[in-house]
Colleague: 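If you scroll down you'll find the structure; I have some questions about it.
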There are 2 protein chains.
Amino acid sequence: MTRAILIFTALIIFLLSVFKLGHYAYFSRNISNELVLAIIAVVFLVIGIYLNKKSLHKKPIPPKHINTQRIIQLGLSKRECEVLREISLGLSNKEIAEKLFVSESTIKTHVSNILVKLDAKRRTQAIKKAREFQIIPL
Amino acid sequence: MTRAILIFTALIIFLLSVFKLGHYAYFSRNISNELVLAIIAVVFLVIGIYLNKKSLHKKPIPPKHINTQRIIQLGLSKRECEVLREISLGLSNKEIAEKLFVSESTIKTHVSNILVKLDAKRRTQAIKKAREFQIIPL
DNA sequence: ATGGGACTCATACTAAAGTACTAAATTGTT
DNA sequence: AACAATTTAGTACTTTAGTATGAGTCCCAT
């Protein structure tokens, strides 16, 4: 958010500078007028594409946006989200433990907490709810 | 691709038209010069956003209907597909048994067969593969 | 009518999953 | 530094999931 404001401020300053240049340096000449127009067009075309890319998919690979708002509402921690994602990939507790370099006991604790927070009885139900809540990719 | 070329051609024509207008109508006035610049900037910003949105929105693959072709390939029976769907809804074997009015043993048999046919070790992995194969709704 | 496929059910077993605690180390914030 | 939240890990236990095997019933097609 703050970054977006900064970028916009920079853009406005840049725009004003170009206007100034158009005024002082190329006041009487008409050829340069067109050049300024063209530059403005191209620059803003690029800016438009850039802005949209930033706003639409922040991370390149998962096109679908995860609902961070709901993750906070549910009180899911960072690690729990990680475990939840691995569950959705069909891994067992043991496999998740090996993948994340922790013990199986730890994963069991995480899973239990996830089930409580998602109000699910089983990990399969947790997957279903996580999909509905859009808190896991794909 | 062809559509993109057409759009670009239209844009170039539009740009040239604006140039012409800038030449004939607002030749001597400097105030309107800035106005034209501003319009160009806004228009191309919008165009940039629009173009990017078009290219990005094509990405999400429409899951649409279930792939009956693959179900046949995998050799999944009608009942097995039914059980698979219930698994994806997060139900336990017991719950599925009650829902389909059969014993839990029957469901266990079905699940085992499903796992073999989908080459999955767990029901969670079966869900993941079933999604990829598009043989379950949503 | 015979055979094959699908569906059903059972038993006995092993392997995961999940619960209910307790507790230490880590991390971030005030 | 003090505090809360997170992450880690353990034990002991219950429940669910999954495997292996065998067997009975039904329906459909050759």
Side-chain angles (χ1 to χ4, degrees), chain A residues 1-2 66-131 133 135-136, chain B residues 66-131 133 135-136:
Chain A
M1 272 296 179
T2 40
I66 51 169
N67 195 334
T68 48
Q69 188 67 34
R70 192 149 290 151
I71 290 172
I72 297 164
Q73 286 177 351
L74 294 166
L76 284 167
S77 74
K78 195 176 169 184
R79 199 59 156 174
E80 283 163 355
C81 284
E82 229 171 330
V83 173
L84 183 57
R85 192 159 51 245
E86 301 300 337
I87 290 173
S88 75
L89 295 175
L91 300 186
S92 68
N93 290 338
K94 198 175 179 181
E95 287 170 339
I96 297 170
E98 288 168 0
K99 196 169 178 181
L100 301 182
F101 303 107
V102 291
S103 77
E104 195 184 341
S105 306
T106 306
I107 300 302
K108 280 192 175 185
T109 306
H110 286 316
V111 172
S112 267
N113 292 331
I114 289 167
L115 293 179
V116 170
K117 289 176 181 178
L118 285 180
D119 190 30
K121 289 176 186 171
R122 285 160 289 280
R123 50 170 53 208
T124 51
Q125 200 176 359
I127 294 171
K128 188 209 167 200
K129 291 208 173 188
R131 303 205 88 89
F133 286 145
I135 57 178
I136 48 171
Chain B
I66 52 171
N67 194 335
T68 48
Q69 188 65 36
R70 189 147 294 149
I71 290 173
I72 297 163
Q73 286 177 351
L74 294 167
L76 283 168
S77 74
K78 194 176 170 184
R79 199 58 157 172
E80 283 162 355
C81 284
E82 230 171 328
V83 172
L84 184 56
R85 192 159 52 244
E86 300 299 338
I87 289 173
S88 76
L89 295 176
L91 300 186
S92 68
N93 290 338
K94 197 176 180 181
E95 287 170 340
I96 297 170
E98 288 168 1
K99 195 169 179 179
L100 301 182
F101 303 106
V102 291
S103 77
E104 196 184 337
S105 306
T106 306
I107 300 302
K108 280 192 177 186
T109 307
H110 285 316
V111 172
S112 266
N113 292 331
I114 289 167
L115 293 180
V116 171
K117 289 177 181 177
L118 285 180
D119 189 29
K121 289 175 186 170
R122 283 162 289 281
R123 50 169 54 206
T124 52
Q125 200 176 358
I127 293 171
K128 188 207 168 201
K129 290 207 173 188
R131 300 208 89 90
F133 286 144
I135 56 179
I136 49 172

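Predicted model, so just to flag it, every value in this text is computed and none were measured. Convention: sequence-line order gives letters A, B, ...; per-chain numbering from 1.
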Colleague: Ignoring backbone atoms, test whether R123(A) places a side-chain nitrogen or oxygen under 4.0 Å from the OP1 or OP2 oxygen of dG18(C).
Modeller: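 Indeed, a polar side-chain atom of R123(A) lies that close.
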
Colleague: So that I can tick it off, tell me whether E82(A) and R79(A) are bridged by a salt bridge, with the cut-off set at under 4.0 angstrom between side-chain N and carboxylate O.
Modeller: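 Yes, this pair counts.
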
Colleague: Should S103(B) be listed as having a side-chain N or O under 4.0 Å from OP1 or OP2 of dA10(C)?
Modeller: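 For S103(B), the contact criterion (side-chain N or O under 4.0 Å from OP1 or OP2 of dA10(C)) is met.
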
Colleague: Nearest whole Å is fine: how far is dT8(C) C1' from I96(B) CD1?
Modeller: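 After rounding, the reported distance stands at 16 Å.
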
Colleague: Using a cut-off of strictly less than 4.0 Å, decide whether S77(B) has a side-chain nitrogen or oxygen near OP1 or OP2 of dC7(C).
Modeller: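 Yes, within the criterion.
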
Colleague: Any ion pair linking E86(A) and R123(A) (charged N to carboxylate O, less than 4.0 Å)?
Modeller: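 Salt bridge: no.
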
Colleague: What is the separation between atom CG on L118(B) and atom P on dG18(D), rounded to the nearest whole Å?
Modeller: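 L118(B) atom CG is separated from dG18(D) atom P by 12 Å.
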
Colleague: Quick one: is S112(A) getting a side-chain N or O under 4.0 Å of the dG18(C) phosphate, OP1 or OP2?
Modeller: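 Checking dG18(C) against S112(A), no side-chain N or O comes under 4.0 Å of OP1 or OP2.
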
Colleague: Strictly below 4.0 Å: does H110(B) bring a side-chain N or O up to OP1 or OP2 of dC7(C)?
Modeller: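 Checking dC7(C) against H110(B), no side-chain N or O comes under 4.0 Å of OP1 or OP2.
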
Colleague: Using a heavy-atom cut-off of 4.0 Å across all strands, would you classify S92(A) as base, sugar-phosphate, or nothing?
Modeller: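 Sugar-phosphate: the residue S92(A), judged by heavy atoms under 4.0 Å, touches backbone atoms but no base.
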
Colleague: Nearest whole angstrom, please: distance from the C1' of dA17(C) to the CD of E95(A).
Modeller: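 Rounding to the nearest Å, CD of E95(A) and C1' of dA17(C) are 13 Å apart.
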
Colleague: What's the NZ-P distance between K94(B) and dT16(D), to the nearest Å?
Modeller: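 Those two atoms, NZ and P, are 6 Å apart.
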
Colleague: Counting only side-chain N and O atoms of R79(A), is one of them less than 4.0 Å from OP1 or OP2 of dT8(D)?
Modeller: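 Yes.
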
Colleague: Nearest whole Å is fine: how far is dA17(D) C1' from I87(B) CD1?
Modeller: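 Roughly 10 Å, once rounded to whole Å.
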
Colleague: Tell me which nucleotide among dA10(C), dG18(C), dG10(D) gets nearest to the side chain of R122(A).
Modeller: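 Of dA10(C), dG18(C), dG10(D), dG18(C) is nearest to the side chain of R122(A).
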
Colleague: Any side-chain heavy atom of L74(B) sitting closer than 4.5 Å to one from F133(B)?
Modeller: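 Of all side-chain heavy-atom pairs linking F133(B) with L74(B), at least one is under 4.5 Å.
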
Colleague: Quantify the bending of the helix from dA1(C)-dT30(D) to dT30(C)-dA1(D) as the angle between its end axes, each fitted on five pairs, to 10°.
Modeller: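 Comparing the axis at each end, I get an angle of 50°.
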
Colleague: Taking CG from N113(A) and P from dA5(D), how many angstroms apart are they, rounded to a whole number?
Modeller: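 Spelled out: CG on N113(A) to P on dA5(D) is 14 Å.
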
Colleague: Decide whether T106(B) and S103(B) meet the rule of one side-chain donor and one side-chain acceptor closer than 3.5 Å.
Modeller: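 Yes.
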
Colleague: Could you check which of dC9(C), dG10(D), dT19(C) has an atom nearest any side-chain atom of K108(A)?
Modeller: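 Ranking dC9(C), dG10(D), dT19(C) by closest atom to the K108(A) side chain puts dT19(C) first.
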
Colleague: Please check if the side chain of E80(A) supplies one atom and the backbone of L76(A) the other of a donor-acceptor pair under 3.5 Å.
Modeller: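 Checking the backbone N and O of L76(A) against the side chain of E80(A), no donor-acceptor pair under 3.5 Å is found.
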
Colleague: Check the distance between dA17(C)'s C1' and I114(A)'s CD1 and give it to me in whole angstrom.
Modeller: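 Between C1' of dA17(C) and CD1 of I114(A): 13 Å.
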
Colleague: Please round to the nearest 0.5 Å and tell me the distance separating atom NZ of K108(B) and atom CD1 of I96(B).
Modeller: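 So the gap between those two atoms works out to 12.0 Å.
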
Colleague: Just to confirm, is there a sub-4.0 Å distance from OP1 or OP2 of dA16(C) to any side-chain nitrogen or oxygen of N93(A)?
Modeller: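 No, outside the criterion.
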
Colleague: Do L115(A) and K121(A) make a side-chain contact, defined as non-hydrogen atoms from C-beta onward lying under 4.5 Å apart?
Modeller: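 L115(A) does not reach K121(A) side chain to side chain.
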
Colleague: Answer yes or no: is there a side-chain heavy-atom contact under 4.5 Å between I135(A) and L118(A)?
Modeller: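 Touching, per the 4.5 Å side-chain cut-off.
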
Colleague: Roughly, in whole Å, what's the span from CD in E104(B) to P in dA17(D)?
Modeller: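 Taking CD of E104(B) and P of dA17(D), I get 7 Å after rounding.
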
